[in-house]
Amino acid sequence: MDASQIAAIESKWRKKWADEGIYEPDPDAKKEKRFVTAAFPYPNSPQHIGHGRTYTTADVYARYLRLRGYSVLFPMGFHVTGTPILAMAKRIAAKDPDVLKVFRDIYGIPDELSATLTEPKALVSHFSSEIEEGMKEMGYSIDWRRKFYSFDPKFNCFIQWQFRKLKELGYLIKGEYPIAWCPLDKNAVSAHDTRGDVDPELEDVTVIKFATQGNAHLVVTTYRPETLYGVTNIWVNPKAEYVKAQYRNETIIIAKKAAEILNLQMGLKIIGPVAAEEIMKMKAKNPLTGEEVPVFPASFVSEEIGTGIVMSVPAHAPYDYLALRDLGKADMKMPQVVELKGYGPAPAKDEVEKLKVKSQDDPLAEQATENIYTKEAHEGVMAVGKYKGEKAIAAKEKIAQDLAREGSAFTIVTIANGPVYCRCGGHVVVNILKDQWFIDYGIPAWKAKAKQCLDGMRTVPDKARDEYLYTIDWLKTRPCTRAAGLGTRFPFDESKMIEALSDSTLYMAFYTIAHMLKEHDEKDMDEAFFDAVILGTGPKAQDPKLKKLRESFLYWYPCDSRHSAGDLIRNHLTLYIFNHVAILDTPLWPRQIVTNGFVLMDGMKMSKSMGNILPLRKAVKEYGADVIRFSVVSGADLASDTDFSRTVAEGTRSRLAFIGSLVEAAAKQKTARLHGRADKWLLSRLNRKINAAKALYESCQMRQLGLEIFYDVVSDLKWYEKRTESPNLHAFFMKWAMLISPFMPYHAEEYWHMLGGKGMAASGKFPEYDEKEVDAQVEMGEELVRAVHGDVEKIGQLLGKKPQKVGIYVASDWKHGLYHLVREHKLLPKVMQEAAKDALLRPHMKDVPKAAAQLVKNAHSLPDVLHEKEELAALRDALGFYKKEFGCEVAIEPEEKGAHPRAKNAMPGKPAIVMS
RNA sequence: GCAGGGGUGACGGAGCGGCCAAACGUGCUAGCUUGAGGGGCUAGUGGUUUAGUACCUACGCGAGUUCGAAUCUCGUCCCCUGCACCA
């Protein structure tokens with residue numbers, strides 16, 4: 001089948017499924033329900049095959065449950081909350097060449113189309129329908145009636161209600177919060193607002209105050225307060241501008257640029273300039289030791305980092321030592337603070353000399369600093385002071401706290417990976433938001449409830465459980481509003497927007513009613529409205545207009561299976577648990593969360609910069625939905641990343657073509673024929689797989705399923721095709737089509753109808769495991785046929801010629817008896833002793849020792865074997881096959897009938913072969 | 001540093017106490033097939049050896065438990081991911 005044929009088949013069944021409405025379930029009292037959801041997509045670009053993994057996993061699972069007779073709801077919506085969509089629209093409007101290039105080259109979006117996407121709404125509309133189309137093409141069994149966007153007014157009402165509930169519970173609090181901020185835009189910035197998509201990382205840094213003779217303090221920035229014991233001097237950059245400024249009720253001296261950067265968070269009042277030369281005349285008093293130290297010049301000091309003033313600890317900071325050496329003061333006394341094994345009293349000096357660093361401007365200085373800092377942090381022990389003998393890393397915290405308590409130090413927040421620039425060109429700084437709203441996930445009682453929910457919930461894979469547990473403990477206060485972005489206004493401060501991770505924690509409930517809200521005006525959707533629908537309480541609880549909504553909610557809730565990529569355990573999925581336990585009663589808490597890994601492209605992470613992104617719709621066009629579904633989901637264990645490669649997709653396609661040709665033949669088979677041994681073998685294997693598949697589907701073991709019900713089946717069929725003259729596969733495929741249908745719904749449907757199946761495969765029944773069709777004897781027999789076939793071929797190869805005649809001689813039953821004696825008794829003397837007592841073996845005592853000796857070697861690992869008669873029956877069944885394969889006469893006899901002495905070598909499970 | 005995961009063939013990865021020189025897939029090699037724009041089929045793919053076999057060397061490194069270990073125990077080295085407000 002070529003791509004257009006596949007596309008035709010797919011659209012045929014897609015239409016049929018839609019017409020029959022099998023994915024649009026409504027509450028049905030007669031049926032048990034299953035509610036499956038997957039994290040809704042964020043439509044700021046088209047989706048690629050990586051996005052397909054979670055949705056396909058969820059869809060396979062949903063389709064499986066449907067076949068098991070459940071009423072299954074799998075809905076979908078779109079998440080548009082936050083700033084990325086705004087940022088994207090802005091970049092398109094500004095004709096950002098990077099964005100346009102990605103759209104053009106990767107997603108095939110012409111510039112003319114991009115040019116229409118400059119408004120957020122237009123962008124959302126275009127990409128969401130693009131994604132929706134893709135999902136339909138993939139065959140996802142989604143109920144699209146329930147689609148909504150997270151900026152829909154009715155959804156906003158729901159989210160505002162959720163936040164009112166959180167507030168009532170006392171889970172919302174207000175406080176200060178440091179954020180990355182652009183002073184030009186006067187706005188918070190995150191990765192997508194910055195040049196080069198850098199995520200600004202905030203970091204606490206200690207500032208220590210050194211008193212001077214005047215009333216001003218020199219404020220020095222340090223990552224290592226514990227080294228304060230070893231300060232020999234203070235550094236300023238002679239080329240930098242410094243100022244006096246008022247900070248709270250003190251006067252400090254700080255670099256001018258630093259003051260500008262820190263002004264927002266510190267609230268400084270500039271008094272006037274101070275020349276660096278002036279500062280260098282000062283003496284600065286170490287708040288810890290009381291010692292007065294001089295101020296020296298150094299070029300390595302940056303006026304933009306921290307306060308633009310640093311302290312000098314030459315024994316432990318390579319830059320400080322280098323700067324002193326550059327000044328010709330290397331002979332200065334350098335007090336040791338930290339003891340480091342393998343180094344002298346001045347590790348910084350040792351390291352500088354070891355690396356042969358030339359000066360403070362030598363790039364090697366950075367290397368030396370990193371080496372010393374890492375080593376001292378991990379292995380260093382305090383050599384002096386109050387915390388002598390303790391690990392340096394622990395002392396650091398304690399000393400910083402001590403100093404802060406005394407008022408000799410404070411903390412500032414800096415951008416660790418700075419400087420970072422906003423797309424508008426502004427230098428990103430840290431701002432402290434005064435009335436930031438938080439959700440307080442740190443409340444112990446709430447955490448306890450979340451854990452209780454986890455206890456009663458299934459996590460797939462099971463080992464993800466620990467990560468949830470960890471995250472539940474780790475979560476603390478979390479900001480829940482932002483100044484800008486799409487979404488829902490914060491009900492207690494309408495100037496703020498609810499942040500993107502906070503409005504997607506309870507929204508699954510909205511799916512249960514989303515399609516029924518047309519007759520309700522959002523003005524009526526107040527607190528009482530949702531109290532009635534979701535909680536069944538409040539003044540509107542008895543409102544007949546809301547009864548249907550309430551019923552729908554109660555029918556579908558709780559969510560039976562939530563699907564997402566594993567990286568969301570750390571935030572979204574755990575917040576999902578928290579919010580559910582906060583607002584809903586125990587029976588409505590989540591039942592199961594399934595997390596999966598990513599999709600790699602030919603072993604590499606997909607990324608825009610590498611250009612190796614395969615858009616989902618393009619992939620479907622090329623390979624057909626079923627091949628993509630299968631490739632994306634069955635290539636690796638659920639939790640690990642899977643690799644998509646074209647060769648694998650090709651392989652899947654060609655295997656499907658092979659199966660297709662057999663199905664076609666089976667479809668022509670008018671009447672059911674009786675099954676021969678090979679048919680029975682195949683059916684026996686299939687039934688085992690059906691049995692195993694149930695458990696595998698239940699636990700979303702897609703990889704294992706792929707192996708069992710596809711790859712294994714293909715190789716079974718290959719053998720079968722060779723083995724039988726006239727395939728008899730109708731019954732086999734009727735079952736198999738249903739078995740594979742959750743994975744490959746289109747092919748399954750097509751096959752099902754080709755074979756004359758009744759109704760739709762997509763809404764049919766999961767195949768029954770028929771124990772009567774499982775026959776271990778037949779399976780072992782077929783294994784034997786296969787093994788003998790392989791052996792004959794191998795011998796033929798070694799002989800280097802085609803055989804004239806092949807004799808296959810089956811071991812006598814007395815050997816079988818011996819076989820079991822060896823299995824039981826293991827040791828040769830014991831076996832011989834028992835053999836002598838055995839009526840079956842006694843007549844063959846002259847042959848027993850040799851055979852026994854051979855068997856005893858593997859006494860601990862002898863597999864089950866068939867009796868002589870069964871071996872004969874199995875092999876004789878394959879006589880025609882053998883003749884055809886070997887192209888000569890074939891005799892299959894008990895070993896006594898063999899004239900050749902080699903016939904006597906026969907062993908149970910290992911017939912003797914004589915070729916001439 | 002803390003937390004989690006992992007080290008197996010050319011590669012992705014199975015196996016988690018014995019039918020294991022290692023599933024399944026990919027790659028590679030050979031043969032066949034007029035198939036020719038990421039073909040199809042068959043066989044092979046650690047070494048030696050043999051009429052289908054057997055043995056040796058292999059599952060990061062070292063030691064131990066066991067009749068038997070990739071699989072269990074202990075030690076050791078190395079690698080990856082996350083550490084927060086970002087959807």
Side-chain angles (χ1 to χ4, degrees), chain A residues 39 41-42 44 79-85 87 177-180 188-193 199-202 374 377-378 391 393-394 436 438-439 463-464 466-467 470-471 473-482 485 499-502 504 566-572 575 600 602-603 631 634-637 639-643 645-652 654-655 657-658 703-704 706-708 710-712 714-715 718 722 783 787-800 803 808 826-827 857-865 902 905 909-916:
Chain A
Y42 193 84
N44 67 341
H79 195 211
V80 298
T81 307
T83 51
I85 283 175
Y177 192 68
I179 50 158
V189 292
S190 54
H192 47 257
D193 304 311
D199 192 17
E201 291 166 29
L202 303 190
T374 322
H378 298 339
K391 289 223 164 185
I393 194 149
Q436 171 68 49
F438 298 87
I439 300 177
K463 63 182 173 187
D466 289 342
E467 213 178 331
Y470 176 83
T471 308
D473 281 329
W474 169 83
L475 279 169
K476 48 186 189 194
T477 55
R478 172 174 237 287
C480 61
T481 63
R482 292 197 66 174
E499 164 278 336
L501 277 168
S502 301
S504 56
D567 60 327
L568 294 190
I569 295 175
R570 285 307 177 96
N571 46 52
H572 164 71
L575 302 183
L600 306 177
D602 293 314
S631 304
S634 68
D637 280 344
S640 25
D641 292 350
T642 187
D643 194 21
S645 73
R646 287 167 181 277
T647 46
V648 173
E650 293 287 347
T652 306
S654 81
R655 282 177 183 84
F658 164 70
R703 162 79 162 170
Q704 196 58 33
L707 288 178
E708 293 248 351
F710 189 68
Y711 288 115
D712 272 5
V714 169
S715 71
K718 288 226 160 117
K722 190 152 98 173
E783 279 311 307
V788 168
H789 175 258
D791 286 350
V792 170
E793 290 221 313
K794 192 160 186 186
I795 297 168
Q797 266 172 27
L798 283 166
L799 292 178
I808 298 167
K826 312 268 196 290
L827 299 172
K857 278 194 260 179
N858 298 314
H860 288 277
S861 56
L862 293 172
D864 286 342
V865 287
R902 221 194 295 274
N905 291 348
K910 194 88 195 161
I913 295 166
V914 179
M915 286 170 68
S916 53

Could you check how far [atom1] of [X] sits from [atom2] of [N], rounded to whole Å?
X	N	atom1	atom2	answer
A:Asn571	B:C86	CG	P	12 Å
A:Asp641	B:C11	CG	C1'	16 Å
A:Leu798	B:G44	CG	P	12 Å
A:His789	B:U42	NE2	C1'	11 Å
A:Trp474	B:G4	CH2	P	15 Å
A:Leu475	B:C85	CG	C1'	10 Å
A:Gln797	B:U45	CD	C1'	13 Å
A:Glu499	B:A87	CD	C1'	9 Å

Pair A:Thr81, A:Ser504 - check side-chain contact (heavy atoms from CB on, under 4.5 Å), show working.
CA-CA 9 Å; A:Thr81 307; A:Ser504 56; over 6 Å; no

Nearest listed nucleotide, side chain of [X], among [options]:
X	options	answer
A:His860	B:C86, B:A87, B:C67	B:C67
A:Arg482	B:A87, B:U26, B:A43	B:A87
A:Tyr470	B:A23, B:C86, B:A3	B:A3
A:Lys722	B:U53, B:A43, B:U26	B:A43
A:Arg655	B:C86, B:A84, B:U26	B:U26
A:Leu707	B:C85, B:A23, B:A51	B:A23

Report the glycosidic orientation of B:G31: syn if within 90° of 0, anti in every other case.
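Chi for B:G31 falls in the anti range.
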
Glycosidic class, syn or anti, of B:G68 using a 90° window around 0:
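Anti.
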
Span that lies between the [atom1] atom of [M] and that of [N], in whole angstrom:
N	M	atom1	answer
B:C80	B:G25	C1'	23 Å
B:U57	B:G13	P	29 Å
B:C74	B:A21	C1'	28 Å
B:G35	B:G31	C1'	16 Å
B:C55	B:A70	P	15 Å
B:G75	B:G4	P	16 Å
B:G47	B:C77	C1'	29 Å
B:G15	B:A23	C1'	8 Å

Which part of the nucleic acid, if any, lies within reach of [X] when heavy atoms closer than 4.0 Å are counted: base, sugar-phosphate only, or nothing?
X	value
A:Thr477	base
A:Arg646	base
A:Arg902	base
A:Val788	nothing
A:Ser640	nothing
A:His79	sugar-phosphate
A:Pro178	nothing

First of A:Gly651 and A:Asp466 reached from the 5' end of RNA chain B, by closest nucleotide:
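Closest to the 5' end, via its nearest nucleotide, is A:Asp466.
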
When you match A:Lys910 and A:Leu568 each to their closest nucleotide on RNA chain B, which lands nearer the 5' end?
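Counting from the 5' end, the first nearest nucleotide belongs to A:Lys910.
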
What closest approach, in Å, do [X] and [Y] show between heavy atoms, and which atom pair accounts for it?
X	Y	result
A:Tyr42	A:Pro84	OH-CD, 3.2 Å
A:Val788	A:Pro911	CG2-CG, 3.8 Å
A:Ile795	A:Met915	CG2-SD, 3.6 Å
A:Arg703	A:Asp637	CG-OD1, 3.6 Å
A:Thr652	A:Ser631	OG1-OG, 4.2 Å

Under the 3.5 angstrom rule, does the side chain of A:Gln436 hit a backbone N or O of A:Thr481 as a donor-acceptor pair?
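A pair under 3.5 Å: yes.
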
Using a cut-off of less than 4.0 Å, is there contact between a side-chain N or O of [X] and OP1 or OP2 of [N]?
X	N	value
A:Ser654	B:G40	yes
A:Lys794	B:G44	no
A:Arg570	B:A3	no
A:Lys718	B:C41	yes

Taking only Watson-Crick and G-U wobble pairs with both distances under 3.5 Å, what dot-bracket line describes RNA chain B, where [ ] shows pairs that cross earlier ones and | shows pairs with another strand?
((((((((.[[[..)..(.....]]](((((((.....)))))))(((.....)))...[[[[[..)....]]]]])))))))....

A:Leu475 side chain reached by A:Leu575 side chain, heavy atoms, under 4.5 Å:
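Answer yes - side chains close enough.
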
Hey, are the side chains of A:Ser634 and A:Phe710 touching, using non-hydrogen atoms and a 4.5 Å cut-off?
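No, side chains not in contact.
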
Starting from the C-alpha separation in whole Å, work towards a yes-or-no answer on side-chain contact (heavy atoms from CB on, under 4.5 Å) for A:Tyr470 and A:Ile569.
CA-CA 10 Å; A:Tyr470 176 83; A:Ile569 295 175; over 6 Å; no

